[in-house]
J.: 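Take this structure, written in structure tokens, and hold onto it; I'll ask about it next.
Not measured: the values here are computed from a predicted model. This chain uses plain numbering: 1 for the first residue, then up along the sequence.
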Amino acid sequence: MRSGSSRLLPLITGQAASVVLGLSVFASAAEQQSVSSALTFDIRKIAFSSPGSYFAVSHVTSPLAPLLENATEGEGLYLRNLHDGAQDRMLRLDVLKDRQPVAFETVATPGVLRLMAKDGALEICFATPDRLRIRGRGLGLRISKARPGTYDYALPQASGRWELNLLDQRMRYGLVPIIGALEVEAPFKNVGAEKIVADFLPDAEGTLEAAIEPYETHWKRHDPARPDFDACVEAAQAQFALFLGKLPTVAPTYEETRRLAAYVLWSSVVAPGGALKRPALLMSKNWMSRVWSWDQTFNALALVEGDPALAWDQFMLPFDQQHAGGALPDSLDGGLIWNFTKPPVHGLLLRLMMQRSPAIAVERLQEIYGPLSAWTEWWLAERDDDADGIPQYNHGNDSGWDNATTYRAGLPLEAPDLAAFLVVQMDVLADLAQKLGKPREGERWRARADDLLAKL
């Protein structure tokens, strides 16, 4: 790296450093299994979910105010559908005793969510990313929508099963009793149900087992009791332990935070779908449940030492949707937002990823060189209205500092961080060109970086 951009580097890596676990000393598998099973977390802050799933269980409270505004039944426990980055697709969950809602506390681990009431407990786990299992003693579980969408309805199916067809969620839900009964109240009027209240109730022995199975068109025949509940929990705990074992360790003082961070990373991944062409680590499954074109590079850096393949998927997600003109979308989920973009931190983060992972440095250069070049050219050509050689932000949302006071000065804004990011990015492109046998292109990128650094 040239001396000019090396002087810039400490000024613009702080945000990346803040999300990266630093040491590469790894604990044994037995130790990881122990600490993963001991991890508990508060679902008022962190959603309960599973890798690959677009569904999460959250206790929606005032700290999640944007969610609470859409929770028509008020504060409480909700099963949430995150397809297309949606925040308001929710089904309320209540614990029942003698068919009446009762107070309960939650205890969450990576494998199971426990709902603890005075007279018993319910447990929820993910059998697969699209199948939730429920088990309990002495208690029931209510699933409800007090105000369904206009065309939402419920219909009975074979073997005591019911289907909720929820247009406002773009999803159907199979409610499947395994042990116990399912009673549904969904009076139909004109074009939809006036309300939907579905109660899973225990049998005469007080035992309850059930499943919630979202799907698009029809319920696929299978044995909903297999694998058994304990096997599902053990599989999830083992999967999390394996993931945790890949991540760098930290000083004992920070171990609890490390395990929580690992759970957030692990559980926030969704399967490819919509505009997401690869497994995608959402920023959160509580709020801001999307992929943004700069934040995702920090997720990539956090993963690169332990799981370089998943890290590369995060880095490339925005480039999978790159505009023909070179721009990257602002955010991705079921669709794309082009009204804004995000700052060109990608060269900087690529350099840091290459330093941390030989696999990235050797195997991925050809794949990224063209897209990164086009992204850089777009900023230099399309965001310099006065042609003074200094690129501009047209809105705070383009910078990642959406509502910063900097933009009170007006728009467009020639901000120093944008020029600094591009200097480093062109330095990185120069390095890539040399490694790919393109020395003339490398010299050209280096000269352009020198020119912009001088202007900066």
J.: Does a salt bridge link Asp330 with Lys342, judged by any charged N lying under 4.0 Å from a carboxylate O?
T.: yes
J.: Measure from the side-chain N and O atoms of Lys285 to the backbone N and O of Ser50, and report whether any donor-acceptor pair falls under 3.5 Å.
T.: yes
J.: Name the residue from Met171, Arg172, Lys145 that meets the side chain to side chain contact (heavy atoms under 4.5 Å, CB included) definition with Leu166.
T.: Lys145
J.: Could you go step by step and tell me if Asp84 and Arg170 meet the salt bridge (Lys or Arg N to Asp or Glu O under 4.0 Å) rule?
T.: CA-CA 10 Å; Asp84 301 329; Arg170 310 293 193 269; over 6 Å; no
J.: Which label fits Trp375 and Trp378: parallel for a plane angle under 30°, tilted from 30 to 60°, or perpendicular past 60°?
T.: parallel
J.: Does the pair His346 and Phe319 meet the rule for a ring pair (Phe, Tyr, Trp, His ring centres under 6.0 Å), with working shown?
T.: CA-CA 10 Å; His346 302 78; Phe319 288 101; 5.4 Å; yes
J.: Looking at Arg446 and Asp427, is there a salt bridge between them, counting it only when a charged N and a carboxylate O are closer than 4.0 Å?
T.: yes
J.: Under a 3.5 Å cutoff, is there a donor and acceptor pairing between the side chains of Tyr215 and Glu163?
T.: yes
J.: Within the 3.5 Å criterion, strictly below it, is a donor on Asn286 or Ser58 matched to an acceptor on the partner's side chain?
T.: yes
J.: Treating Asp313 as the side-chain partner and Ala280 as the backbone partner, does any N or O pair qualify as donor plus acceptor under 3.5 Å?
T.: no
J.: Is a side-chain donor or acceptor of Ser53 paired with a backbone partner of Phe55 at a separation under 3.5 angstrom?
T.: yes
J.: Quick one: do Arg448 and Asp450 make a salt bridge, cutoff under 4.0 Å?
T.: no
J.: Do NZ/NE/NH1/NH2 and the carboxylate oxygens of Arg278 and Asp320 come within less than 4.0 Å?
T.: yes
J.: Got a sec, which residues hit side chain to side chain contact (heavy atoms under 4.5 Å, CB included) with Thr257, two or more places apart in sequence or on another chain?
T.: none
J.: For the pair Asp451 and Lys455, find out whether any cationic side-chain nitrogen is under 4.0 Å from an anionic carboxylate oxygen.
T.: yes
J.: With a 4.5 Å limit on heavy-atom distance, are the side chains of Ser49 and Val57 in contact?
T.: no
J.: Please list, chain by chain and in numerical order, all residues satisfying ring pair (Phe, Tyr, Trp, His ring centres under 6.0 Å) with Tyr263, sequence neighbours excluded.
T.: Phe41, Trp266
J.: Work out which heavy atom in Gln321 is nearest to a heavy atom in Ala275; give both atom names and the distance.
T.: NE2-O, 3.0 Å
J.: Strictly below 4.0 Å, N to O, side chains only: are Glu255 and Arg258 in salt-bridge contact?
T.: yes
J.: Salt bridge between Arg351 and Asp431, side-chain N to carboxylate O under 4.0 Å?
T.: yes
J.: Below 4.0 angstrom, N of the basic side chain to O of the carboxylate: do Glu441 and Arg444 qualify?
T.: no
J.: Thinking salt bridges, do Lys220 and Asp130 make one under a 4.0 Å N-O criterion?
T.: no
